[in-house]
Amino acid sequence: MKVGIQKSTSPGNSINTWSVQCGECFKWRVIPTQELYEEIRSRFIEDPFVCSKLPTVSCDEPGDIEYDNTRTWVIDKPNLPKTPPGFKKRLVLRKDYSKLDCYYDTPNGKKLRSTAEASRFLDKHPECKKDISPSDFSFFSPKIMEDTIPANVVKKI
DNA sequence: GCCACCGGTGGC
DNA sequence: GCCACCGGTGGC
């Protein structure tokens, strides 16, 4: 079982490519939007991804991308909650590739950095509370695959 | 003054 | 040892 997301050099050092591995042919398929990626991820265990789930794709088609060091890969967790409507989830890679920071931007432009902050935000905004709970946020930060970190990255000691 | 970014740590 | 969490700050 694998869920993958991927970072190549991009403005803001944010994750810019979302992909999942087919459970039957093991090829990687690029998922065009974060929203669809999160939809697939949210039910990944009970509803594993296969190529045929995508329109016009089957296991006969070549994979979209390969797991290699032409880009940096990070490994996600299955069955994380979908980002609540109106919020935007961001994963930002640190310059030294040591880790990713996870943020949610709220509908009114605030930044949330932890479940505790999300809880406090919901307390302040009771109108959100009827549809959203703290468990709808996951600040899990995907693991960076060492073998895909560019050779010229300077690691801090 | 803000905020993107980083460093440190407490709890597991 | 890891990582969730948050304080601090440098650059704007």
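Residue numbering restarts at 1 for every chain, and letters A, B, ... go by the order of the sequence lines. This structure is a prediction, so every number in the text was calculated from the model and none was measured.
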How many whole angstroms separate atom [atom1] of [X] from atom [atom2] of [N]?
X        : N     : atom1 : atom2 : value
A/Tyr103 : B/dC6 : OH    : P     : 8 Å
A/Leu100 : B/dA4 : CG    : P     : 17 Å
A/Leu112 : C/dA4 : CG    : P     : 16 Å
A/Arg90  : B/dC3 : CZ    : P     : 12 Å
A/Asp101 : C/dA4 : CG    : P     : 11 Å
A/Arg113 : C/dG7 : CZ    : C1'   : 7 Å
A/Tyr104 : B/dA4 : OH    : P     : 18 Å
A/Lys77  : C/dC2 : NZ    : C1'   : 12 Å

Answer yes or no: does a side-chain N or O of [X] lie under 4.0 Å from OP1 or OP2 of [N]?
X        : N     : answer
A/Lys111 : B/dC3 : no
A/Ser114 : C/dC6 : yes
A/Arg120 : C/dC5 : no
A/Ser98  : B/dC6 : no

Note, A/Lys129 side chain near A/Asp123 side chain (heavy atom, < 4.5 Å) = yes

Does A/Glu117 reach the side chain of A/Lys110, with side-chain heavy atoms less than 4.5 Å apart?
-> no

For A/Val92 and A/Leu100, what are the C-alpha separation, side-chain angles and deciding distance, and is it a side chain to side chain contact (heavy atoms under 4.5 Å, CB included)?
-> CA-CA 5 Å; A/Val92 179; A/Leu100 295 151; over 6 Å; no

Got a donor-acceptor contact below 3.5 angstrom from the [X] side chain to the [Y] backbone?
X        : Y        : answer
A/Ser141 : A/Asp101 : no
A/Gln21  : A/Trp28  : no
A/Thr72  : A/Thr148 : yes

Closest to the A/Glu117 side chain: C/dC6, C/dC5, C/dA4?
-> C/dC6

Taking only nitrogen or oxygen atoms into account, show me every contact under 3.5 Å that the protein makes with nucleotides 8-12 of chain B, one pair per line with its distance.
residue, atom, partner, partner atom, Å
B/dG8, O6, A/Lys99, NZ, 3.1

Can you list the steps and then say if A/Lys27 with A/Glu66 is a side chain to side chain contact (heavy atoms under 4.5 Å, CB included)?
-> CA-CA 8 Å; A/Lys27 296 188 186 90; A/Glu66 300 291 326; over 6 Å; no

